[in-house]
Amino acid sequence: MRAALGANERPPYLEKLLNKAPLFSLLTFIGALYWAWNIFNPEFCEHTRISEHALMGGIVNEKFNKEGIYTEILKGLPARKNERNEYLLERLEHYRIDGYEQRWRTNAAIYNTSGVNVWGVFRAKRAASTESLLLAADAKDNHAISLVVAFAAYAQEQVYWARDIFILMADGGPLGVEAFLSAFHHTQRGGLVFDRLPTRGDGLTAMLAVKQSSKEIELQINQLNGELPNLDYVNTVIRVGATSKFRMPSLIYGIRDRHEGGNNPWWLIPARALYTQAFVSVEGLHSLSTKYGVQGLTIGLPLNSGSPKTAAKFVEAIMRSLNNLLESFHQSYFLYVLADEDNFVSILYFMPILGGVVAPLAIFAYREWVFAVQKLVIPSALLLAHGAGVAVWYCSTKVFREHAVTDDTPWLGLLAAILFPIAALFPIAEKSKSSLRFLLLLESALIFGLIGLLNFPLALLTAILTVPIIIVLSRDLSVQPRARQILQATCVLLAHPLIIYLLVNIYVLPLIGFGSVDGANLKLQDMVDPIRHMLANHLLFGCNLYPIFLILALPIWGLLLRLSL
């Protein structure tokens, strides 16, 4: 029997906290949202700055003069893949760049495809290189390929390079980049089988991916699992574009707010930043680079409507800034949220938001511990629920990795396993219900905190949506009328994580310009697609949304349902 402090033995502030737990919880939750509303406003944010002064963004004198090669490559690229690769290899050899092919294929039956990367390298002229840079383009983007090859033809003639420069025409987009980076770092990913590289360089410092965009610089920075490139790298690209010789403003997350001359409200960029970091696993070619410790981003350039010479000079300015680095990126932030292209919020200011949102769980857990738990018992249902989640995760990944899916039957079976409340089937002794309620509240708070250290936007957005639901639906209504108990159980059923996801897609995401689910024509496929997407990204790229969903979110929902029954 645990020794509990009596009311007279507890400090007065704890006594007030227990007696007014709903009020304090509401205040911390609303206070956290109010804090977020203010600190993400560009007027109150920190101004971006470059901490690594060796980058010298926009200081170099660009002299690119190979725009004729850009036109030659653009007009000469064959339509067929084999002929295109042969043509690119021949052009690379002509420009005295070592060119190679790399074949790869997926090793997961869920997405059976293959490709052939074309890549090249020219070595540092100044001295023996100890680091390398990567310039990449999608093999289907003719304009970007032409720009990369033209820049490489120009750059290999220059003598100031202190790093080896690798160029990559990635067949299959991010999968091609994954194959190249895995081979470069001598690693083996479970979702891909690929050729080893006949030659390589020393550690990759940074990656710059180029693509064609409409009329302005489109900057993409999101990485896998909520990671971001070093803020110095992002600031360098923005500063270079803003210099008088380029005057190419940058679009962050596809928009510009009113502070930067746009027509969008200030909150739209932070909202898009948080959502895409949390739930968009692969944004572009650069999105997998941080898995290998490589700082990467993608720039979209107006190659079709603008001047290719200006675009190539812009790439040259960025690559030469990266060439100036004295060591790997480390002096600026890796955890931040951009409010716009010139302002950001650091981890020091946004982490308290998550603390305020999650605090009500800890408050009610403490209240449950003091007033309800007489003896702490760890119910077997808690362990079995998470064990069932692990089993579903293991079986589904094994099946969809090893067996080709020809129809929707396996997906419907997986959907049924996800919708069925497995955890609600496990028995719970009457004396352990209060312990389970306490452990659920405490576990939820710890889960949000731990996920916040890995992917802050994912933890924050899910906590804002689910913390009120968990607190309200975990209440003990055993002495209340039967009708209220039935209502609580019905509400828990409707609070399934997948249903919450669909409701957010229908009613919330359109406010920030996203959302692909039509609420008026809802189909079963709308519930299968997010599961298919999460599983494919998990198997191919290592995205952690799928295991978090199965092993953490679903068991908590199932145990809430069990308590309500």
Side-chain angles (χ1 to χ4, degrees), residues 48-67 69-70 122 124-126 131-137 143-168 204-213 215-221 229-252 284-286 289 294-303 306-326 329 331-332 341-342:
T48 55
R49 57 193 179 272
I50 298 178
S51 303
E52 178 55 78
H53 301 296
L55 286 166
M56 296 188 293
I59 302 300
V60 299
N61 185 19
E62 304 84 12
K63 297 182 179 180
F64 176 83
N65 58 0
K66 301 287 186 181
E67 59 269 27
I69 294 179
Y70 171 88
F122 56 93
K125 300 289 183 64
R126 186 189 300 176
E131 292 176 331
S132 308
L133 302 174
L134 175 62
L135 180 63
H143 290 273
I145 290 175
S146 303
L147 181 68
V148 168
V149 175
F151 171 77
Y154 160 79
Q156 67 86 25
E157 297 177 353
Q158 313 307 312
V159 297
Y160 45 68
W161 297 108
R163 287 172 169 81
D164 296 338
I165 309 294
F166 286 80
I167 62 171
L168 171 65
L204 279 173
T205 302
M207 169 187 174
L208 177 65
V210 180
K211 70 171 189 174
Q212 180 184 345
S213 68
K215 58 180 179 179
E216 297 176 284
I217 297 176
E218 182 182 350
L219 190 59
Q220 295 180 332
I221 62 175
N230 189 270
L231 189 57
D232 270 348
Y233 189 10
V234 179
N235 293 339
T236 298
V237 174
I238 294 174
R239 297 293 171 84
V240 170
T243 55
S244 59
K245 49 189 168 184
F246 293 112
R247 294 181 180 176
M248 301 170 70
S250 302
L251 288 180
I252 304 293
L285 296 180
H286 66 285
S289 61
V294 180
Q295 305 307 306
L297 54 79
T298 295
I299 53 172
L301 298 170
L303 298 173
S307 167
K309 184 175 182 179
T310 302
K313 284 189 173 184
F314 183 69
V315 172
E316 179 188 356
I318 298 172
M319 295 297 287
R320 290 182 65 179
S321 290
L322 296 174
N323 186 57
N324 291 337
L325 264 179
L326 300 177
F329 283 104
Q331 293 199 30
S332 191
E341 55 262 44
D342 292 324

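Taking the side chain as every heavy atom from C-beta outward, Leu301 and Ile217 approach each other to under 4.5 Å. You'll find the side chain of Lys211 stays beyond 4.5 Å of the side chain of Leu285, heavy atoms only. With a 4.5 Å cut-off on side-chain heavy atoms, Thr205 and Leu322 do not count as touching. Between Ile252 and Ile238 there is a side-chain heavy-atom pair separated by less than 4.5 Å. Side chains of Leu135 and Val210 form a contact here, defined as non-hydrogen atoms less than 4.5 Å apart. Side-chain contact check for Leu133 versus Leu208: every heavy-atom pair is 4.5 Å or farther apart. Put simply, the side chain of Tyr154 reaches to within 4.5 Å of the side chain of Lys63, judged on heavy atoms. Put simply, the side chain of Val315 does not reach to within 4.5 Å of the side chain of Phe64, judged on heavy atoms.
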Practice task
Decide side-chain contact (heavy atoms from CB on, under 4.5 Å) for Arg239 and Ile50; before the verdict, give the C-alpha distance in whole Å, the side-chain angles of both, and the deciding distance to 0.1 Å.
Solution key: CA-CA 9 Å; Arg239 297 293 171 84; Ile50 298 178; 4.1 Å; yes

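Taking CG from Asn323 and CD1 from Ile318, the interatomic distance works out to 13.5 Å, rounded to the nearest 0.5 Å. Atoms CD1 and NE2, from Ile221 and His286 in turn, are 7.5 Å apart once rounded to the nearest 0.5 Å.
Partners of Tyr233 under the ring pair (Phe, Tyr, Trp, His ring centres under 6.0 Å) rule, at least two apart in sequence or in another chain, are Phe329. Listed by chain and residue number, nothing satisfies the side chain to side chain donor-acceptor pair (under 3.5 Å) test with Ser321 (two or more places apart in sequence, or in another chain). A search for ring pair (Phe, Tyr, Trp, His ring centres under 6.0 Å) contacts involving Tyr70 returns nothing, not counting sequence neighbours. Not counting sequence neighbours, the partners of Gln212 by the side chain to side chain contact (heavy atoms under 4.5 Å, CB included) test are Asp141, His143, Leu303, Asn304. Residues that satisfy the salt bridge (charged side-chain N to carboxylate O under 4.0 Å, His left out) test with Arg320, not counting sequence neighbours, are Glu316.
A distance-only check finds no donor-acceptor pair linking the side chain of Ser132 to the backbone of Ile165 [under 3.5 Å]. Checked by atom type and distance alone, the side chain of Arg163 pairs as donor or acceptor with a backbone atom of Leu325 at under 3.5 Å. With Ser289 contributing its side chain and Val294 its backbone, the two residues share a donor-acceptor pair below 3.5 Å. With hydrogens and angles ignored, the 3.5 Å screen pairs a side-chain donor or acceptor of Lys125 with a backbone N or O of Gln156.
When all heavy atoms of Val240 and Ala317 are compared, the closest pair comes out as CG1-CB, 3.6 Å. Pairing each heavy atom of Trp161 with each of Met319, the nearest pair is CZ3-O, 3.8 Å. Heavy atoms only, all atoms of each residue included: Ile299 and Phe314 are closest at CD1-CE2, 3.7 Å. Smallest separation of non-hydrogen atoms from Ala144 and Ala137: CB-CB, 3.7 Å. Residue Val234 comes nearest to Pro229 through the heavy atom pair CG2-CG, 3.8 Å, listed as atom of the first residue, atom of the second, then distance. Nearest heavy atom pair, residue Asp164 against residue Ala124, reads OD1-N, 2.9 Å.
For the side chain to side chain contact (heavy atoms under 4.5 Å, CB included) with Ser332, the qualifying choice from Thr236, Thr48, Asn230 is Asn230, the only one to do so.
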For residues 51-59, run the donor-acceptor check on the side chains, cut-off 3.5 Å, and write out each pair with its distance to 0.1 Å, sequence neighbours left out.
{"residue": "Glu52", "atom": "OE1", "partner": "Gln331", "partner atom": "NE2", "Å": "3.1"}
{"residue": "Glu52", "atom": "OE2", "partner": "Ala54", "partner atom": "N", "Å": "3.4"}

